[in-house]
Amino acid sequence: MTSVYDLHCHSTASDGLLSPTELVNRAARQGVTHLALTDHDTLQGQAEAQLACQAQGITFIPGIELSAGWRKLCVHIVGLHIDLDNPRLRQGCQALAIQRTERARLISTKLAKIGIPDAYESIQQHIGVSMPTRAHFAHFLLKQGHISQLQQAFDRYLGQGKPCYVNGEWPSLNEVVTWIHDAGGIAVLAHPLRYSLSKTQTRLLLTEFTVAGGQAIEVVTGQSNHDQIQTSAQWARRFNLAASQGSDFHHPDNIYVELGKLAAMPTDLKPVWLLHYNQ
Ligand code: AMP
Ligand code: MN
Ligand code: MN
Ligand code: MN
């Protein structure tokens, strides 16, 4: 049987709309054989996903997508094959939960000031133990009829420079990579083309990421086209990084992104999973 790897996706533990079990069951139906659930800044969904993977005969890879500060930007670092009991990583997630809750309250206050009250109270009823993200506010705005598409939430209210934008106080790139290493994991720079960086800035980011000990870069995501894959592959070769792939699936409503449905990775690259199994 051919292996199908999906090493980046989200559940209700952060801003996904499927529970970890529903997500794993969907992955199984799509033919995924190796799955990493990588929720934003939390390990809450991992135990449930692991059990569901066992039930479905899928190889479970413990994962996370951590928010990291880099030169006033927030970049995302996926950690794969992490020890879920690692104290340093767990402490980091706890600090991020507090920070994200404070940020969510500030976003809510800003929304109230422009005439949209009770946003935090409303999303809190839905999120339970999960991490509040801007995506939760986007879904709230959609449900309340303030927007007709999720993207409009970022374009009008929540994106950088918009009236309800609140910057997060993220741990540094170095810190985040150190947490992942401390937990025995592999640090992967997520979706390198989504930060709107120039070539020079991308080179700087990848230099600092590799110096910090980052080992891989996402080359194929659920939305990547041919040119984007070629560009990311060039960065992988140039910095001698292993290559990862993951759909970044959040919810079934996005018909363009599906678990396990990924374009082929250029064959000369070293897949990130070989890095782990050859350790
Ligand atoms: P946060 O990490 O709280 O800043 O929330 C960011 C999340 O919002 C991302 O992980 C995406 O899932 C979602 N998102 C969707 N569209 C956008 C967009 N245009 N800009 C930023 N985030 C977006
Ligand atoms: Mn997200
Ligand atoms: Mn991301
Ligand atoms: Mn993601």
Side-chain angles (χ1 to χ4, degrees), residues 6-18 20 23 35-42 45 49 63-70 72-80 93 96-108 110-111 119-120 123-124 127 130-142 147-162 164-171 173 176 187-197 205 209 217-224 232 244-254 256-259 262:
D6 193 329
L7 304 179
H8 186 156
C9 59
H10 299 272
S11 76
T12 45
S14 66
D15 59 353
L17 290 192
L18 301 183
L23 184 88
L35 184 74
L37 170 63
T38 54
D39 273 309
H40 295 287
D41 304 325
T42 180
I64 192 163
E65 182 175 17
L66 288 164
S67 313
W70 183 76
K72 294 187 183 164
L73 276 181
C74 178
V75 297
H76 287 175
I77 309 296
V78 164
L80 297 174
C93 290
L96 276 159
I98 293 167
Q99 194 270 123
R100 273 189 175 277
T101 302
E102 284 169 7
R103 174 176 175 246
R105 289 212 177 92
L106 290 173
I107 293 173
S108 192
K110 288 195 166 190
L111 282 166
Y120 182 68
I123 68 161
Q124 212 187 12
I127 59 177
S130 65
M131 281 277 176
T133 71
R134 283 185 295 164
H136 291 98
F137 285 99
H139 285 287
F140 164 80
L141 290 167
L142 187 66
I147 51 170
S148 57
Q149 287 171 24
L150 286 178
Q151 182 59 41
Q152 290 170 349
F154 295 91
D155 296 344
R156 295 183 194 168
Y157 301 102
L158 305 171
Q160 198 156 4
K162 303 301 167 192
C164 304
Y165 177 74
V166 179
N167 201 1
E169 284 166 31
W170 312 115
L173 177 64
V176 159
V188 184
L189 178 68
H191 41 67
L193 306 184
R194 225 184 284 164
Y195 308 116
S196 308
L197 298 175
L205 171 58
F209 176 64
I217 180 175
E218 264 179 12
V219 171
V220 182
T221 77
Q223 308 241 46
S224 308
S232 306
S244 190
Q245 64 180 47
S247 60
D248 205 2
F249 179 92
H250 282 74
H251 52 81
D253 306 346
N254 183 347
Y256 302 106
V257 174
E258 184 53 84
L259 290 159
L262 293 160

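Values in this document were obtained by computation on a predicted structure and should not be read as measured data. One-based numbering, in listed order, for ligands and for the atoms of each.
Leu150 is not listed as a side-chain neighbour of Asn254, based on a closest heavy-atom distance of 4.5 Å or more. Side-chain contact check for Tyr195 versus Leu189: some heavy-atom pair is nearer than 4.5 Å. In this structure, the side chains of His76 and Arg194 stay at 4.5 Å or more apart for every pair of heavy atoms. Glu102 is not listed as a side-chain neighbour of Glu169, based on a closest heavy-atom distance of 4.5 Å or more. With contacts defined as side-chain heavy-atom distances shorter than 4.5 Å, the pair His40/Asp15 qualifies.
Under a 3.5 Å cut-off, the side chain of Thr38 and the backbone N or O of Cys9 do form a donor-acceptor pair.
Among protein residues, Asp15, His40, Arg100, Arg103, Thr133, Arg134, Ala135, Gln151, Phe154, His250 come within 4.0 Å of ligand 1, judged on heavy atoms.
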Less than 3.5 Å apart, which donor and acceptor atoms pair up between the side chains of residues 153-160 and the rest of the protein, not counting sequence neighbours?
unit_1: Asp155; atom_1: OD1; unit_2: Gln151; atom_2: NE2; d: 3.0

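For the Mn ion (ligand 4), protein N, O or S atoms closer than 2.8 Å were enumerated as His8 NE2, His10 NE2, Glu65 OE1, Asp248 OD1, with waters left out.
In this structure, a donor-acceptor pair under 3.5 Å is present between the side chains of His10 and Glu65.
For Asp39, the salt bridge (Lys or Arg N to Asp or Glu O under 4.0 Å) test picks out no residue, with sequence neighbours left out.
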